[in-house]
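Residue numbers start at 1 and run along the sequence shown. Model, not experiment: these values are computed from the prediction.
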Amino acid sequence: VPEALPRVFRPRTIRVQLTLAITAVVALVVALAGLAIVLYADHRDRDDVDQALAARAAQVRTTAVKTGQLPTDGSYAVRLVQDTTVRAEAGSTAKFSIPVKDGYTTVTAEDGSHWRSWAETLKTGVQMQVLINLKDVESQHDGNVRMIDLIVLLAAAVAAAGTWVVGGLVLRPLLKLAQS
């Protein structure tokens, strides 16, 4: 009786390894693409908030000069700060730190909420600060991340199933050859 040839490779092991490798590569590529998309969307959303802040600051300056009041529709907050004292504020009950840097910054209120801020020192020496709550931007970010997570999982599942099926079809003739 002739001696059986030793099996050099196991088709099932190769199929599993191939499936895992391709699934990992697909998941990595989709995750990196998703990260790029989320970062782009975050940057665009922050730019939109900064543009809204600039527009609100112009409105506040114009209205404050005409009426002496700090206008707000509730979608943003306004503060006038002199040295370490808040002279006037409108639009929010959130408490923010003092002093504030001129220009755009992201600040955290005492309640933990994040706000985007535009501050400028006026000719009178008083600093005007206009703030917009970032809860909508953060909510959009969280939604984008959840969507990318789901897409990565779906892509990995499809890649694994496809590789398993195609791997079985490709390796079947090799298995028959090895058995004969």
Side-chain angles (χ1 to χ4, degrees), residues 22-160 162:
I22 290 175
T23 301
V25 168
V26 166
L28 178 65
V29 168
V30 173
L32 290 174
L35 176 64
I37 290 167
V38 167
L39 290 175
Y40 173 77
D42 285 351
H43 181 71
R44 185 194 65 224
D45 291 345
R46 297 285 174 150
D47 285 347
D48 291 347
V49 169
D50 287 351
Q51 289 175 358
L53 272 173
R56 299 291 192 231
Q59 288 174 346
V60 168
R61 261 187 253 105
T62 302
T63 305
V65 167
K66 288 181 183 176
T67 67
Q69 301 292 319
L70 293 178
T72 181
D73 59 7
S75 65
Y76 62 98
V78 182
R79 297 190 323 165
L80 293 179
V81 179
Q82 188 168 23
D83 299 323
T84 59
T85 308
V86 176
R87 295 286 180 197
E89 60 187 328
S92 176
T93 58
K95 300 295 180 204
F96 303 97
S97 62
I98 300 175
V100 195
K101 294 188 307 186
D102 278 355
Y104 292 106
T105 56
T106 301
V107 296
T108 303
E110 285 182 0
D111 64 2
S113 60
H114 298 106
W115 295 68
R116 189 72 173 153
S117 165
W118 164 256
E120 65 180 279
T121 303
L122 305 174
K123 293 176 186 175
T124 61
V126 173
Q127 190 179 47
M128 178 184 73
Q129 183 182 26
V130 180
L131 301 117
I132 293 180
N133 195 326
L134 292 177
K135 68 180 176 200
D136 292 338
V137 172
E138 291 170 345
S139 175
Q140 183 70 31
H141 170 82
D142 293 344
N144 290 342
V145 169
R146 279 192 302 275
M147 179 62 73
I148 295 301
D149 290 347
L150 289 174
I151 290 171
V152 168
L153 289 174
L154 180 63
V158 169

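For the atom pair CG of Leu131 and OH of Tyr76, the computed distance is 11.5 Å after rounding to the nearest 0.5 Å. Separating the CG atom in Asp136 from the CG atom in Asp45 is a distance of 10.0 Å, to the nearest 0.5 Å. Here the CZ atom belonging to Phe96 is positioned 9.5 Å from the OG1 atom belonging to Thr108, to the nearest 0.5 angstrom.
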Check: residues 36-43 side-chain donor-acceptor pairs under 3.5 Å, at least two apart:
unit_1	atom_1	unit_2	atom_2	d
Asp42	OD1	His141	ND1	3.2
Asp42	OD2	His141	ND1	2.7
His43	NE2	Asp47	OD2	3.3

Solution key, residues 57-64 side-chain donor-acceptor pairs under 3.5 Å, sequence neighbours excluded:
unit_1	atom_1	unit_2	atom_2	d
Arg61	NE	Glu120	OE1	3.4
Arg61	NE	Glu120	OE2	3.2
Arg61	NH2	Glu120	OE2	2.7
Thr62	OG1	Ala58	O	2.9
Thr63	OG1	Gln59	O	3.0

Scan the side chains in residues 143-156 for donor-acceptor partners under 3.5 Å anywhere in the protein, sequence neighbours excluded, and list what turns up.
unit_1	atom_1	unit_2	atom_2	d
Asn144	OD1	Gln140	NE2	3.3
Asn144	ND2	Gln140	O	3.4

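When each of Val126, Asp102, Val100 is tested with Thr121 by the rule side-chain contact (heavy atoms from CB on, under 4.5 Å), just one qualifies, namely Asp102.
The stretch residues 25-40 participates, sequence neighbours left out, in no salt bridge (charged side-chain N to carboxylate O under 4.0 Å, His left out) pair at all. Residue pairs satisfying the side-chain hydrogen bond (donor to acceptor under 3.5 Å, both in side chains) criterion with at least one member in residues 85-101, sequence neighbours excluded, are listed as follows: Gln82-Arg87.
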I'd like to know whether Leu70 forms a side-chain contact (heavy atoms from CB on, under 4.5 Å) with Arg79, so could you lay out the CA-CA distance, the side-chain angles of the two residues, the decisive distance to 0.1 Å, and finally the verdict. CA-CA 8 Å; Leu70 293 178; Arg79 297 190 323 165; over 6 Å; no

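With sequence neighbours left out, the salt bridge (charged side-chain N to carboxylate O under 4.0 Å, His left out) criterion links Arg116 to Asp50.
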